[in-house]
Each structure stands twice: as C-alpha cells, then as structure tokens.
Amino acid sequence: MELLDAKLPFLVGGGYAVNAHTGARIPTKDLDIFTTRAELQRLLDRLNRGGRRVSIVDDQWLGKIDYGEHFVDVIFGSSNGIVPVQEGWFHHAREAQVLGLSVLVINPTELIWSKAFIQKRFRHDGSDIANIILKQSSQIDWQRLMAYFDAHWEVLLSHLLIFRWVYPSERDAIPSWLLDELLERLNRQRELPPTAARMCRGRLLSRSDYQNAVEVWGFLDAKGKCDDDQ
C-alpha cells in the first residue's frame, strides 16, 4: 500500500504473478516485487521505516525487506546477470488483485523470461513456465520472448519441448513458426564442429550444481574463465 501511495514503480512477480496468470493458487511463502536498478534505492529508502529492515543481499540482482517473520524480495536482475529488469516490463504489465490490492503484475512474456534460468537442484521453475504457457499462450508475445533469449535460444527450446511432453494434448499452444525456427537453428548448429574450448554454461543455471565442471573437470565457465582465476 505504501508503494502505491508513493507512486513508486514496482511489479509483482514470483508465485503471486504465477497465480494471477494461471489461477493455480500455489502457496507462496514470500512476496517478490520487481523494479529497475535505477529505482531500487528510492524504493528501499521509502520502505526503510516502521520497524522494517532493508538491505541489498546481492548488488547484482537482489534486495530484501525484513519485518519480523515476514520478508519481501526486491528483485532488479538475476543471479546470473542475464535478466535485468527493464523499463519496458512496465509497459507490458497487467493489473491484478494481490493481497486485496490492485497492482501491476509481470506480463506472462517477461515472467517466463524471469524464470527460465532458475534450474537448481532444490528449485526449478520449469513447472511454472509450463503452466503459464498452458493458460496464457495467446497472451505471450512469442517474438519478444525469443528476442530476450537471443544466444540462449536452446534454453527456450528446452522449455517448449518439456511443455509438449507435459501437456501433449495442448501442443498447439506453441506457435508452429517458433518451433520451426528453433529446430532449424538446432539443425544448423549440428552441422558445425563443437566449440574448441571445453566450456560449461551450466553455471548460468546453477553455480553450485556445476561447480565440479569448472573446479575439477577443467571446463571454462560461461564467462570464459575458471573460478580459480577470479
């Protein structure tokens, strides 16, 4: 309510946004709000009162507001640095009821993009993405989504294939032209030799789950150097 009164720019994401777009009513223990890096400090300063404690947990992507046993994550990027919150997200946002208030929630297109790289051993957002596609396929801007993924198009393809497997009767929810384009890219890639460098991009999905790849097995990480070199 305080952020609404102050007219500070924020979007609701995470489980509340998934519930708004799918009607799944999945229990969620915390509230995720998204803002741009440029607006982050103004938002935190506004909420740093009334017994609340604010902090920046990771200066690349995450702030936090603690109030007793309750907390709110303030997200302005992603842990892998690939998904910064952009002003354009606000132009495409939708209005929905969250905790009895009318607020802007992340558009299904950007919501998928925000969740695509969360693939850790103990947290994987693939089911959220599949359910968003199921319920919001006609509202997803597939061209914009493909542009977001850009060089990481294989991650998008993997989510689409999982969706087809999970919901075989709903395969038409994914535009044919999109699958054709991605599979054509895959076929072109198959004709090329493997990369000369032994590289692991898995740490863009989970740093811990692919730790051995760069620390023991001799792979370069996605940024082009081993952790031992940092």
Side-chain angles (χ1 to χ4, degrees), residues 11-26 28 32 34 36 61 75 77-98 103-120 123-192 194-195 201-202 204-206 222:
L11 302 170
V12 173
Y16 283 101
V18 173
N19 288 343
H21 291 310
T22 67
R25 302 192 182 280
I26 300 169
T28 180
D32 293 338
F34 288 65
T36 62
W61 72 286
I75 298 168
S78 61
S79 60
N80 62 13
I82 291 177
V83 189
V85 179
Q86 301 171 331
E87 288 186 14
W89 291 27
F90 291 85
H91 302 320
H92 303 295
R94 295 184 181 179
E95 196 168 285
Q97 291 291 314
V98 175
V103 297
L104 290 177
V105 299
I106 297 178
N107 182 282
T109 306
E110 281 71 33
L111 191 56
I112 290 174
W113 174 229
S114 74
K115 288 177 166 290
F117 293 90
I118 302 175
Q119 300 188 36
K120 299 176 174 63
R123 181 182 172 191
H124 193 295
D125 283 3
S127 60
D128 286 344
I129 290 174
N131 290 331
I132 293 165
I133 293 173
L134 175 69
K135 293 296 187 179
Q136 295 290 331
S137 173
S138 64
Q139 302 302 313
I140 296 169
D141 187 325
W142 295 101
Q143 289 278 9
R144 192 165 81 242
L145 186 64
M146 188 164 65
Y148 279 134
F149 278 90
D150 193 23
H152 307 291
W153 57 269
E154 289 156 296
V155 177
L156 173 59
L157 177 59
S158 70
H159 283 293
L160 299 184
L161 292 177
I162 288 295
F163 172 82
R164 287 169 56 88
W165 183 84
V166 172
Y167 293 114
S169 63
E170 311 303 318
R171 291 172 179 168
D172 289 345
I174 299 169
S176 296
W177 65 263
L178 178 59
L179 269 181
D180 290 344
E181 166 67 21
L182 295 176
L183 290 174
E184 184 179 345
R185 290 187 190 185
L186 182 62
N187 284 329
R188 290 198 302 266
Q189 184 193 71
R190 291 177 63 201
E191 296 174 357
L192 301 174
T195 59
R201 291 186 289 189
L204 294 175
L205 304 175
S206 169

State, yes or no, whether a side-chain contact exists between [X] and [Y] at a heavy-atom distance under 4.5 Å.
| X | Y | value |
| --- | --- | --- |
| His21 | Gln139 | no |
| Val105 | Tyr16 | no |
| Leu179 | Leu157 | yes |
| Asn131 | Val18 | no |
| Thr109 | Tyr148 | yes |
| Ile82 | Trp113 | yes |
| Asp141 | His92 | no |
| His159 | Gln119 | yes |

Taking all non-hydrogen atoms of both residues into account, name the closest pair between [X] and [Y] and its distance.
| X | Y | result |
| --- | --- | --- |
| Val155 | Ala116 | CG1-O, 3.9 Å |
| Ile106 | Gly13 | CD1-CA, 3.8 Å |
| Arg185 | Met146 | NH2-SD, 4.0 Å |
| Leu178 | Ile174 | CD2-CG2, 4.3 Å |
| Asp32 | Gly14 | OD2-CA, 3.6 Å |
| Trp61 | Ser78 | CB-N, 3.3 Å |

Mark yes when over 12 heavy atoms from residues, nucleotides or ligands other than [X] sit less than 6.0 Å from its [atom1]; otherwise mark no.
| X | atom1 | value |
| --- | --- | --- |
| Trp165 | CH2 | no |
| Arg94 | CZ | yes |
| Glu87 | CD | no |

According to salt bridge (Lys or Arg N to Asp or Glu O under 4.0 Å), does anything in residues 155-177 pair up with another residue at least two apart or in another chain? List the pairs.
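As it turns out, there is no salt bridge (Lys or Arg N to Asp or Glu O under 4.0 Å) pair with a partner in residues 155-177 once direct neighbours are skipped.
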Give, for atom [atom1] of [X] and atom [atom2] of [Y], the distance between the pair rounded to the nearest 0.5 Å.
| X | Y | atom1 | atom2 | result |
| --- | --- | --- | --- | --- |
| Ser137 | Phe163 | OG | CZ | 7.0 Å |
| Ile129 | Leu134 | CD1 | CG | 13.5 Å |
| Phe90 | Phe34 | CZ | CZ | 10.5 Å |
| Leu156 | Asp150 | CG | CG | 11.5 Å |
| Leu161 | Leu183 | CG | CG | 7.0 Å |
| Leu160 | Trp142 | CG | CH2 | 6.0 Å |

Among all residues two or more places apart in sequence or in another chain, which pass the salt bridge (Lys or Arg N to Asp or Glu O under 4.0 Å) test with Glu184?
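Applying salt bridge (Lys or Arg N to Asp or Glu O under 4.0 Å) to Glu184 gives Arg188.
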With a 4.0 Å cut-off, would you call Glu110 and Arg144 a salt bridge?
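Result for this pair is yes, salt bridge flagged.
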